[in-house]
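Worksheet: the structure to be examined is printed underneath.
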Amino acid sequence: MARRAPIDDINEDSLEVQDPKTAAAGVKAVMVSMERGLAQAGVTRTVRSMLRVNQHGGFDCPGCAWPESITGKRKPAEFCENGAKAIAEENTLRTVGPEFWAEHSIKDLEEKTEYWLGNQGRITQPVVIREGDTHYSPISWAEAFDLIGEHVRATTPDRCVFYTSGRTANETAFMYQLFARSLGTNNLPDCSNMCHESSGSALNPTIGIGKGTVSLEDLHEAELIFVVGQNPGTNHPRMLSALRECRDNGGKVVSVNPLPEAGLMKFKDPQSVEGLVQGGSQISDEFLQIKVGGDLALFQAFGHLLLEEEERVPGSVVDKAFIEQQTEGFEAYRAARKTIDWDETEKATGLSRMEIAKIADLLAKSKATIICWALGLTQQPHSVDTLKEIINLLLLQGNFGKPGAGACPVRGHSNVQGDRTMGIWEKPKEWLLEALDREFGIESPREHGFDSTEALHAFELGDVDVFVSLGGNFALANSDTEALEAGMKRAGLTVHISTKPNRSHVVHGKTSLILPTLGRTDTDDKHPKGPQFLSVEDSMSVVHSTRGRLTPVSEHLLAEPVIIARMAQAVLGDDHVVDWRAMAEDYDVIRDHISRVLPGFEDFNQRIRNKNGFVLPNPPRDSRSFATDIGRARFTVSPLEYLSAPEGHLILQTMRSHDQYNTTFYGLDDRYRGISNGRRVILVHPDDLKELGFEDRELVDVISTFQGTERRANSFRLVSYPTARGCAAAYFPEANVLVHRELVARESNTPGFKAITVRFVPVKESETETLAAGQTEQADSVSELMPS
Ligand SMILES: Nc1nc2c(c(=O)[nH]1)N[C@H]1C(S)=C(S)[C@@H](COP(=O)(O)OP(=O)(O)OC[C@H]3O[C@@H](n4cnc5c(=O)[nH]c(N)nc54)[C@H](O)[C@@H]3O)O[C@H]1N2
Ligand SMILES: Nc1nc2c(c(=O)[nH]1)N[C@H]1C(S)=C(S)[C@@H](COP(=O)(O)OP(=O)(O)OC[C@H]3O[C@@H](n4cnc5c(=O)[nH]c(N)nc54)[C@H](O)[C@@H]3O)O[C@H]1N2
Ligand SMILES: [Mo]
């Protein structure tokens with residue numbers, strides 16, 4: 001039943017460009033997802049998985065963290081093109097067995113793109129590569145764990161790093177952080193550090209919880225929803241149904257984005273007659289085409305205009321009672337927002353005063369506003385300030401703890417929020433460590449560990465002896481790709497708990513293990529007490545179960561909790577105080593521990609068996625209360641800040657295409673943006689192209705500048721595109737090589753993936769023949785890179 005993988009890699013010369021689309025989903029979406037499913041997994045597996053996704057007793061879609069309804073009726077299968085692609089990617093019948101590793105040397109694999117690597121299929125057996133070897137080769141599970149034990153015991157805990165990607169389920173995450181802390185380190189970087197960390201950094205001190213404060217039903221009931229710095233048509237397609245429902249109920253939607261993303265304009269719901277045969281439903285009532293990094297200025301301007309309106313008509317806008325009873329810092333905020341420099345605001349946002357005032361008017365009239373955001377707001381130096389400004393605005397109108405109102409950071413990976421709840425955090429709170437120590441009789445370390453940026457630096461400095469990656473693709477997800485890859489190669493041991501081959505396996509440590517694991521859709525039944533299930537937490541703090549039902553592609557795969565338990569036993573010894581075996585055999589044992597350690601998880605085993613799971617406590621939402629250090633919500637004052645590119649430069653943001661999942665490429669078709677068969681493109685406004693002296697489709701090298709240093713990425717095609725002026729857009733991870741590791745958001749340390757200053761250097765087409773796709777270079781000096 002195994003299927004052959006494609007042998008061709010990306011050929012950037014085949015790039016095709018068409019006009020961007022103006023509506024998302026529709027019949028085409030259904031067709032594409034069916035094609036992908038059938039090509040990867042065949043009819044039976046595709047149909048079986050489609051019937052179980054996000055259903056009671058089924059598995060949680062690995063596509064994103066958007067919630068399912070827990071009160072309304074659930075559709076038999078809420079259709080989502082990219083969810084379907086994520087599932088096809090996982091339940092594929094293409095396999096990567098010993099013959100694959102024998103055929104392909106590391107040198108060979110180094111030339112391949114992530115598209116080719118991921119498309120080879122599911123890894124079927126553990127493999128190892130040792131210093132001097134040219135190929136990975138099979139190793140038994142027992143030997144693999146022994147090898148990990150030897151390496152970890154030969155070094156100190158602070159030189160071991162345990163990375164987590166956000167697909168990891170709650171129980172697994174809990175065991176993993178317990179393992180790291182039992183060993184003696186808080187080196188627990190995770191993908192959240194590169195993603196929504198700025199949201200947590202802004203929300204915790206201002207509203208006392210690092211999570212969103214709305215439910216799915218609130219979105220349906222809102223009078224006004226902002227969708228800021230987010231591309232839901234591609235990354236959270238099921239969110240479009242919620243936005244449409246809000247509009248059907250009379251609410252309005254405003255989107256704020258440098259790009260006119262198709263999903264923000266119109267939605268053709270494949271589950272409605274209208275969506276299939278007619279033009280679809282409008283999504284945004286208003287669209288603000290903002291400059292990259294201009295959002296802090298925009299939200300400050302809104303604050304100014306609302307306060308002005310309140311002065312004109314007292315009691316019309318500001319929720320005075322709420323502010324007096326529940327908040328602190330309002331007077332300082334009011335004083336700071338009293339004046340505004342409109343010229344600077346217009347320059348920062350690229351929007352006119354009129355455009356801003358029109359939206360402020362909608363805000364002033366709305367009695368229930370939700371502000372949603374994603375990565376367009378979290379990956380810039382001033383991100384935390386921007387998000388605090390959003391909180392100011394919500395506080396001003398009392399938009400917490402009432403229906404249809406609140407803050408809605410839309411999370412990425414399907415369990416990234418749950419992993420943090422479970423204790424995956426390099427800066428744990430004292431209460432958590434105390435609770436772990438009490439429950440297990442261990443002594444958790446108190447010193448904070450590395451986040452993802454600090455881990456990158458530790459690799460560069462040669463300070464990492466053992467790196468364990470629970471899912472994910474650290475080498476490509478992070479910044480400064482070349483320095484990071486060089487650092488990873490210097491590590492003593494890298495261990496990759498993975499489903500599919502990726503770049504991190506190729507730029508491995510001196511010794512490296514790939515440990516293949518079950519995915520969400522696979523049955524997990526090799527336990528004394530029978531099949532086991534796991535749990536996840538969605539973007540709105542609902543915890544529910546997930547259970548795979550498909551036959552795994554290989555009998556050699558181990559479940560993640562089993563891998564963690566056996567790794568812990570190999571490292572800490574069979575007589576360790578924590579009973580690792582009991583947890584691996586019966587996941588109820590893990591959940592019992594969790595129920596005693598983490599608040600909100602009381603009776604976990606019982607409540608997780610409820611049809612819809614359960615909702616975690618959320619003080620701002622449940623009781624309009626704020627568990628900050630001062631017991632109140634906090635207004636904050638931030639100075640105006642925005643990104644401005646020097647003459648001859650643009651501000652580059654990096655984003656996802658419609659056919660990728662982070663570093664995994666499903667295909668080469670960014671359908672809504674009209675780009676296909678190529679990924680090394682930079683989208684630039686036609687007037688900027690003209691001003692900079694470049695042609696549409698011209699081939700260029702891209703040079704980024706940061707504090708006097710430069711980075712270079714070769715051979716990108718410029719594409720004339722209706723983005724905001726002064727900005728450019730390229731795909732992640734091809735552009736990560738341009739991001740200096742010190743370009744980060746203040747406070748959260750999240751890489752500045754949407755704040756890169758770049759310029760272009762023309763490439764003579766004749767020179768390109770020698771350049772392979774994916775090739776990049778790092779420049780030694782500024783002068784070497786100056787265009788002649
Ligand atoms: N199919 C699919 N689904 C996914 C993922 C995937 O890769 N594929 N990834 C998952 C993960 S981990 C995450 S975190 C989420 C990511 O979800 P998104 O945040 O939607 O992901 P991005 O593609 O980075 O898109 C960022 C959006 O912000 C806009 N933007 C960029 N800079 C600015 C700015 O300065 N201001 C404003 N207002 N907007 C800006 C961009 O134009 C783009 O529309 O999606 C999750 N879901
Ligand atoms: N330039 C730029 N860089 C970015 C971003 C950006 O917007 N721009 N976004 C950032 C964000 S938001 C994120 S979340 C990170 C993503 O960073 P990561 O989470 O590290 O990366 P992914 O690409 O999601 O990981 C894909 C790999 O996970 C493995 N995998 C898939 N399913 C499973 C499973 O069930 N179990 C296990 N053990 N492994 C599995 C597969 O081997 C696959 O190759 O990237 C960040 N990097
Ligand atoms: Mo993410």
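Read the numbers this way: they start at 1 and go in the same order the structure lists the ligands and their atoms.
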- Message: Determine whether the aromatic ring centres of residues Tyr136 and His505 are separated by less than 6.0 angstrom.
- Response: no

- Message: Give the atom numbers and elements of ligand 1 that come within less than 4.0 Å of a heavy atom of Cys195.
- Response: 14 (S)

- Query: Could an N or O of ligand 1 be found under 3.5 Å from any N or O of Ala374, whether backbone or side chain?
  - Reply: no

- Query: Taking the six-membered ring where the residue is Trp, are the ring centres of Phe179 and Tyr176 under 6.0 Å apart?
  - Reply: no

- Is it possible for you to check whether Arg679 lies under 6.0 Å from the centre of the six-membered ring of Tyr731, through NZ or CZ, and within 45° of that ring's axis? yes

- Out of Tyr163, Phe474, Tyr661, who gets a non-hydrogen atom closest to atom 18 (P) of ligand 2? Tyr163

- Message: With heavy-atom distances below 4.0 Å as the criterion, list the atoms of ligand 2 near Gln379.
- Response: 5 (C), 6 (C), 7 (O), 9 (N), 10 (C)

- What do you reckon, does Gln380 put a non-hydrogen atom under 4.0 Å from ligand 1? yes

- Message: Please report whether ligand 2 has a polar contact with Arg520, defined as an N or O pair separated by less than 3.5 Å (distance criterion only).
- Response: no

- Task: Might you confirm whether atom NZ of Lys500 has over 12 heavy atoms from other residues, nucleotides or ligands at distances under 6.0 Å?
- Result: yes

- Query: With respect to atom 7 (O) of ligand 2, which of Gln660, His196, Arg122, Arg656 exhibits the smallest heavy-atom separation?
  - Reply: Arg656

- Task: Hey, could you give me the OG1/OH distance between Thr349 and Tyr642, rounded to the nearest 0.5 Å?
- Result: 10.0 Å

- Message: Using a 3.5 Å cut-off on N or O atoms only, is Arg167 in polar contact with ligand 2?
- Response: yes

- Query: Hey, is ligand 2 close enough to Asn736 that some N/O pair sits below 3.5 Å?
  - Reply: yes

- Leu377 side chain reached by Ser383 side chain, heavy atoms, under 4.5 Å: no

- Query: What is the closest protein heavy atom to atom 40 (C) of ligand 1, and at what distance does it sit?
  - Reply: Pro258 CD, 3.3 Å

- Name the option, out of Pro516, Gly472, Ala559, that contains the heavy atom nearest to atom 25 (O) of ligand 2. Gly472

- Query: For Ala374, does its backbone N or O pair with a side-chain atom of Arg411 as donor and acceptor, under 3.5 Å?
  - Reply: no

- Message: Heavy atoms only, cut-off 4.0 Å: how does Thr499 contact ligand 2, side chain, backbone, both, or neither?
- Response: both

- Item | N/O separation below 3.5 Å, Phe753 to ligand 2 | no

- By number and element, which atoms of ligand 1 are closer than 4.0 Å to a non-hydrogen atom of Met655? 23 (O), 24 (O)

- Any nitrogen or oxygen of Gly294, main chain or side chain, under 3.5 Å from a nitrogen or oxygen of ligand 1? no

- Query: Got Val227 and Pro232 here, is their nearest side-chain heavy-atom distance under 4.5 Å?
  - Reply: yes

- Item | Ionic contact status for Asp659 with Arg36, cut-off 4.0 Å | yes

- Message: Suppose we measure from atom 31 (C) of ligand 1 to each protein heavy atom; which comes out shortest, and what is that distance?
- Response: Gln653 OE1, 3.0 Å

- Message: If you measure every N or O of Ile497 against every N or O of ligand 2, does any of those distances drop under 3.5 Å?
- Response: yes

- Mode of Val410 contact toward ligand 1 - side chain, backbone, both, neither (heavy atoms, under 4.0 Å): neither

- Polar proximity ligand 2 side, Thr517 side, N/O cut 3.5 Å exclusive: no

- Message: Which of the numbered atoms in ligand 2 are under 4.0 angstrom from any heavy atom belonging to Leu375?
- Response: 7 (O), 12 (S)

